[in-house]
Trainee: 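What follows is a single structure, and I will ask about it in a moment.
Computed from a prediction, not measured in an experiment: that's the story for all the values here. Each residue takes its place number in the sequence, starting with 1.
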Amino acid sequence: MIERPTRGWRRAVRTQEAAVAAGGLDPVEAYAAKLWPADFTAAVDAVLEVYEHDAAALDPLADEAVWAVVERVVLGLNAADESHGAIETGEREELAEYIDAVLTGAGVDVAALTARRGLSRGELTDSWRDW
């Protein structure tokens, strides 16, 4: 399974903090903690944890249930972003890829799911996404 984006964000913050502490990185150049503050990362992590649980319990052929799970995760991420304003292009791409990958891991044919609504696979989150 694909790695949850928040794990990579936390890893980048830790790496930069260690580099600053060791004197190998100027604190001004340490961007990770500014991009992914701990409270934002925790909020996103909580949303993704629920999403993973919900997706694992899905019947992969029950389209309306699958769409309901996608809607909930996107709305949860909207709320996290509204509070912190931290979802930019890179995060958006990571999160959309993760949402797709979790569904795929749960047995959902995402391309077929979106096609049945006249959408491309890349439009999976578009109906609700503010980020």
Side-chain angles (χ1 to χ4, degrees):
M1 174 180 268
I2 188 171
E3 179 180 67
R4 192 185 290 180
T6 52
R7 290 184 182 137
W9 302 343
R10 283 189 178 103
R11 187 170 44 253
V13 170
R14 285 191 309 271
T15 299
Q16 288 186 0
E17 287 174 345
V20 167
L25 180 65
D26 185 324
V28 173
E29 295 176 15
Y31 62 87
K34 293 174 187 130
L35 283 180
W36 309 298
D39 55 345
F40 165 72
T41 303
V44 171
D45 218 22
V47 170
L48 295 180
E49 186 170 335
V50 170
Y51 172 64
E52 292 164 6
H53 179 269
D54 290 350
L58 282 171
D59 172 352
L61 300 176
D63 282 12
E64 292 312 310
V66 174
W67 283 111
V69 167
V70 172
E71 179 180 10
R72 280 194 302 273
V73 71
V74 172
L75 293 177
L77 293 170
N78 286 348
D81 188 47
E82 185 175 312
S83 298
H84 303 283
I87 299 178
E88 301 293 338
T89 302
E91 292 81 14
R92 179 174 49 250
E93 291 172 0
E94 285 182 286
L95 290 165
E97 181 180 341
Y98 187 74
I99 291 167
D100 184 307
V102 168
L103 288 180
T104 299
V108 175
D109 181 340
V110 177
L113 174 77
T114 53
R116 286 191 289 275
R117 285 210 173 170
L119 302 171
S120 72
R121 187 175 191 149
E123 295 174 300
L124 177 66
T125 62
D126 288 0
S127 293
W128 307 279
R129 182 170 50 81
D130 292 336
W131 32 274

Trainee: For E82, does the CD atom have more than 12 heavy-atom neighbours from other residues, nucleotides or ligands under 6.0 Å away?
Mentor: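 No.
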Trainee: Quick one: CD on E94 to OG1 on T6, what's the gap to the nearest 0.5 Å?
Mentor: 9.5 Å
Trainee: Quick check: is W131 connected to V70 through a chain of hydrophobic side chains (ILVMFWY, heavy atoms under 4.5 Å apart)?
Mentor: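 Per the 4.5 Å side-chain linkage, V70 and W131 are co-clustered.
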Trainee: I'd like to know if the side chain of N78 reaches the main chain of W128, judged simply by a donor and an acceptor atom lying under 3.5 Å from each other, with no hydrogens or angles considered.
Mentor: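 Yes; at least one donor-acceptor contact below 3.5 Å.
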Trainee: Specify the closest pair of heavy atoms between H84 and A43, including all atoms of both residues, with the distance to one decimal.
Mentor: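 Heavy atoms only, the tightest pair is NE2-CB, 4.5 Å.
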Trainee: Sequence neighbours excluded, which residues qualify as salt bridge (charged side-chain N to carboxylate O under 4.0 Å, His left out) partners of D100?
Mentor: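 D100 satisfies salt bridge (charged side-chain N to carboxylate O under 4.0 Å, His left out) with R121 once adjacent residues are dropped.
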Trainee: Does any donor atom in the side chain of R117 or T114 lie under 3.5 Å from an acceptor atom in the other side chain?
Mentor: no
Trainee: Which heavy atom of R10 sits nearest a heavy atom of D45, and at what distance?
Mentor: NH1-OD2, 2.9 Å
Trainee: Using a 4.5 Å cut-off on heavy atoms from C-beta on, say whether the side chain of L103 contacts that of L124.
Mentor: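 Yes, their side chains come closer than 4.5 Å.
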Trainee: After noting the C-alpha distance and the side-chain angles of L119 and D126, does the key distance pass the side chain to side chain contact (heavy atoms under 4.5 Å, CB included) rule?
Mentor: CA-CA 10 Å; L119 302 171; D126 288 0; over 6 Å; no
Trainee: Does F40 reach the side chain of L35, with side-chain heavy atoms less than 4.5 Å apart?
Mentor: no
Trainee: Which other residues end up in the same hydrophobic cluster as V50, if Ile, Leu, Val, Met, Phe, Trp and Tyr are linked when side-chain heavy atoms come under 4.5 Å apart?
Mentor: none
Trainee: Can you confirm whether E123 is buried at CD, in the sense that more than 12 heavy atoms of other residues, nucleotides or ligands lie under 6.0 Å from that atom?
Mentor: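 Enclosed.
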Trainee: Which residues satisfy the side-chain contact (heavy atoms from CB on, under 4.5 Å) test with R116, sequence neighbours excluded?
Mentor: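 By the side-chain contact (heavy atoms from CB on, under 4.5 Å) rule, R116 matches D63, A112, L113.
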Trainee: Does one hydrophobic cluster hold both L75 and V47, with members joined at side-chain heavy-atom distances below 4.5 Å?
Mentor: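 Yes, one cluster joins them.
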Trainee: Can you check whether G90's main-chain N or O pairs, donor with acceptor, with E93's side chain at less than 3.5 Å?
Mentor: no
Trainee: Within the 4.5 Å heavy-atom criterion, are L77 and I99 side-chain neighbours or not?
Mentor: yes
Trainee: Check A106 against A55 and note the closest heavy-atom contact, atom names and distance.
Mentor: CB-O, 3.3 Å
Trainee: Checking side-chain contact (heavy atoms from CB on, under 4.5 Å) against R4, which of L48, V44, L95 comes through?
Mentor: L48
Trainee: Which pair of non-hydrogen atoms, one from P27 and one from V20, has the smallest distance, and what is that distance?
Mentor: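 Taking P27 first and V20 second, the nearest heavy atoms are CG-CG1, 3.8 Å.
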Trainee: Between W36 and Y31, how do the two ring planes meet: parallel, tilted or perpendicular, split at 30° and 60°?
Mentor: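 W36 and Y31: perpendicular rings.
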